[in-house]
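No experiment lies behind these values; they were computed from the predicted model shown. Worth knowing before you read on, the calculation uses all heavy atoms, side chains too, and leaves out hydrogens, waters and symmetry mates.
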Number of protein chains: 2
Amino acid sequence: MKIGELSRATGTNIETIRYYERIGLLPAPGRTAANYRSYGDAHRSRLSFVRHSRDLGFTIEEIRSLLDLSDDPTRECDEADRIATRHLEQVEEKIAQLSLLRDELARIIGRCRGGIAADCRVIEALSDHSHCENAH
Amino acid sequence: MKIGELSRATGTNIETIRYYERIGLLPAPGRTAANYRSYGDAHRSRLSFVRHSRDLGFTIEEIRSLLDLSDDPTRECDEADRIATRHLEQVEEKIAQLSLLRDELARIIGRCRGGIAADCRVIEALSDHSHCENAH
DNA sequence: ATGCACCCTGTAGCAACTACAGGGTCAAGC
DNA sequence: GCTTGACCCTGTAGTTGCTACAGGGTGCAT
């Protein structure tokens, strides 16, 4: 299949597919006589793997490691587990951070009663961290 | 005060301060005879405002709008409220997304029982979105 | 006078794309 | 046979919000 078809099949921007090839995340496919990229099923499933991992928030470098693992099925699975576990921890930390931030924002907004900027509680709160109730 | 002092006073990297000046978020300060930047209290509180807003996750462009508002204290406060409310919504959406993602990751990792990559449930799950229980 | 901490400008790098510009290819329809 | 339009190619530059140099100047203490 050509790049446009692969793009539709995986929900990946064409430019992104070429970008992945350029950085060596996807192997360079064969070419047609007209120099068009020509992909097969192996390419499609590799790209699906990459997209799914990106959707789950893995970095390109993490995905590179995961791909290396899946390319060599005799290797131990520990590393995949370690990468995924560390990533899960990061996600949980991010959620915790954002939750503090949400509470702080809600508190700031709740104090706004309209009126002019000189009296604006939002602006005042942003000016002065000491109004905050938690660290962020 | 000189830039190093302002940096320490606000917990902002020196390069970041110069960057904010370059993009027009902070006004260019006066200079000493030796061409060193020389800051006053107004600069420090403006920078604190910026840092605090950044910590709360506002973009540079949002901060620009908030600064414009606070520079003109006769203006209505509605816009500050709108910016903050929209931002809060985005934060809430991000938390919801990350929570789905966390559940999915936890589920994937829970299935890993060690062994070799060919049997790895983590890698299998990443290959195939259809194993997922929710959208992400 | 020489070390050291500090300051300056300007440019390039990071992640992970995205968006062109400027061109080539191919099939359908007139 | 010629145009139209959809598709493809390469290469480069832009995005956000910084961060990290390189290569130089300044100011003060020893």
Colleague: So A:Phe49 and A:Leu66, side chain to side chain contact (heavy atoms under 4.5 Å, CB included) or not? Walk me through it.
Modeller: CA-CA 9 Å; A:Phe49 183 106; A:Leu66 291 168; 3.9 Å; yes

Colleague: Using the test ring-ring contact (aromatic ring centres under 6.0 Å, His included), find all partners of A:Tyr39 that sit at least two apart in sequence or belong to another chain.
Modeller: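 Per chain and number, A:Tyr39 pairs via ring-ring contact (aromatic ring centres under 6.0 Å, His included) with A:His43.
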
Colleague: Where is the tightest heavy-atom contact between A:Val91 and B:Leu101, given as atom of each residue plus distance?
Modeller: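 Shortest heavy-atom contact: CG2-CD2, 3.8 Å.
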
Colleague: Can you tell me the distance, in whole Å, between the CZ atom of A:Phe58 and the P atom of C:dA15?
Modeller: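 Value for this atom pair: 18 Å.
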
Colleague: Return the set of residues passing side-chain hydrogen bond (donor to acceptor under 3.5 Å, both in side chains) with B:Arg54 (not counting sequence neighbours), or none when no residue passes.
Modeller: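 Partners of B:Arg54 by the side-chain hydrogen bond (donor to acceptor under 3.5 Å, both in side chains) criterion come out as none, since no residue qualifies.
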
Colleague: Tell me the closest heavy-atom pair linking A:Pro29 and A:Ser38, and the distance in Å.
Modeller: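 What the structure gives for the nearest pair is CB-O, 3.4 Å.
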
Colleague: Touch check for A:Arg64, heavy atoms < 4.0 angstrom, all strands: base, sugar-phosphate only, or nothing?
Modeller: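 Answer is nothing: A:Arg64 stays at 4.0 Å or more from every strand.
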
Colleague: Is there side-chain contact between A:Leu6 and A:Lys2, with heavy atoms separated by less than 4.5 Å?
Modeller: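 A side-chain contact under 4.5 Å is absent here.
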
Colleague: Would you jot down, in residue-number order, the residues of residues 7-20 of chain A having a non-hydrogen atom under 4.0 Å from DNA chain C?
Modeller: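 Heavy-atom contacts with DNA chain C come from A:Asn13, A:Glu15, A:Thr16, A:Tyr19, A:Tyr20.
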
Colleague: Measure across B:Glu21 and B:Ala28 and return the closest heavy-atom pair with its distance rounded to 0.1 Å.
Modeller: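 B:Glu21 and B:Ala28 have their closest heavy atoms at OE2-CB, 3.8 Å.
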
Colleague: Students should find this one: the first and last nucleotides of DNA chain D, 5' to 3', lying under 4.0 Å from a heavy atom of chain B. What are they?
Modeller: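 First-to-last contact on DNA chain D, by the 4.0 Å heavy-atom rule, is D:dG17 to D:dG27.
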
Colleague: Listed by chain and number, what are the side-chain hydrogen bond (donor to acceptor under 3.5 Å, both in side chains) partners of A:Glu79, not counting sequence neighbours?
Modeller: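 If we apply the side-chain hydrogen bond (donor to acceptor under 3.5 Å, both in side chains) test to A:Glu79, skipping adjacent residues, the hits are A:Arg75.
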
Colleague: Under the rule for side-chain contact (heavy atoms from CB on, under 4.5 Å), what residues qualify as partners of B:Ala34, not counting sequence neighbours?
Modeller: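 If we apply the side-chain contact (heavy atoms from CB on, under 4.5 Å) test to B:Ala34, skipping adjacent residues, the hits are B:Thr32, B:Tyr36.
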
Colleague: Within the 4.5 Å heavy-atom criterion, are A:Val50 and A:Ile60 side-chain neighbours or not?
Modeller: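 A side-chain contact is absent here, since even the closest heavy-atom pair is not under 4.5 Å.
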
Colleague: Could you check whether A:Arg107 pairs with A:Glu104 (Lys NZ or Arg NE/NH1/NH2 to Asp/Glu carboxylate O, under 4.0 Å)?
Modeller: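 Salt bridge flag = yes for A:Glu104 with A:Arg107.
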
Colleague: Applying side-chain hydrogen bond (donor to acceptor under 3.5 Å, both in side chains), can you list everything that pairs with A:Thr16, at least two apart in sequence or on another chain?
Modeller: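 Partners of A:Thr16 under the side-chain hydrogen bond (donor to acceptor under 3.5 Å, both in side chains) test: none.
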
Colleague: Return the residues of residues 84-92 of chain A meeting this criterion: a heavy atom under 4.0 Å from some atom of DNA chain C. Order them by number, or give none.
Modeller: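 Under 4.0 Å from DNA chain C: no residue of residues 84-92 of chain A.
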
Colleague: Any salt bridge (charged side-chain N to carboxylate O under 4.0 Å, His left out) pairs touching residues 57-71 of chain A, not counting sequence neighbours?
Modeller: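 Listed once each, the pairs are A:Arg46-A:Asp71, A:Glu61-A:Arg64, A:Glu62-A:Arg86.
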
Colleague: With nearest nucleotides of DNA chain D determined for B:Lys2 and B:Thr59 from heavy-atom distances, which residue corresponds to the more 5′ nucleotide?
Modeller: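 Its nearest nucleotide lies further toward 5', so the answer is B:Thr59.
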
Colleague: State, to 0.1 Å, how close B:Arg44 and B:Thr10 come at their nearest heavy-atom pair, and which atoms those are.
Modeller: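 Minimum heavy-atom contact is CG-CG2, 3.8 Å.
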
Colleague: Under the ring-ring contact (aromatic ring centres under 6.0 Å, His included) definition, can you give me all pairs with a residue in residues 58-96 of chain B, not counting sequence neighbours?
Modeller: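 Sorted result for residues 58-96 of chain B: B:Phe58-B:His87.
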
Colleague: Using a 4.0 Å cut-off on heavy atoms, which residues in residues 23-37 of chain B reach DNA chain C? List them by number, or say none.
Modeller: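 Heavy-atom contacts with DNA chain C come from B:Arg31, B:Asn35, B:Tyr36, B:Arg37.
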
Colleague: Take the C1' atoms of the five end pairs on each side of the helix from C:dA1-D:dT30 to C:dC30-D:dG1, derive the two axes, and give their angle rounded to 10 degrees.
Modeller: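 About 30° separates the two local helix axes.
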
Colleague: Once you round it to whole Å, what is the distance between P of C:dT18 and CD1 of A:Ile60?
Modeller: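 For the pair A:Ile60 CD1 and C:dT18 P, the rounded distance is 11 Å.
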
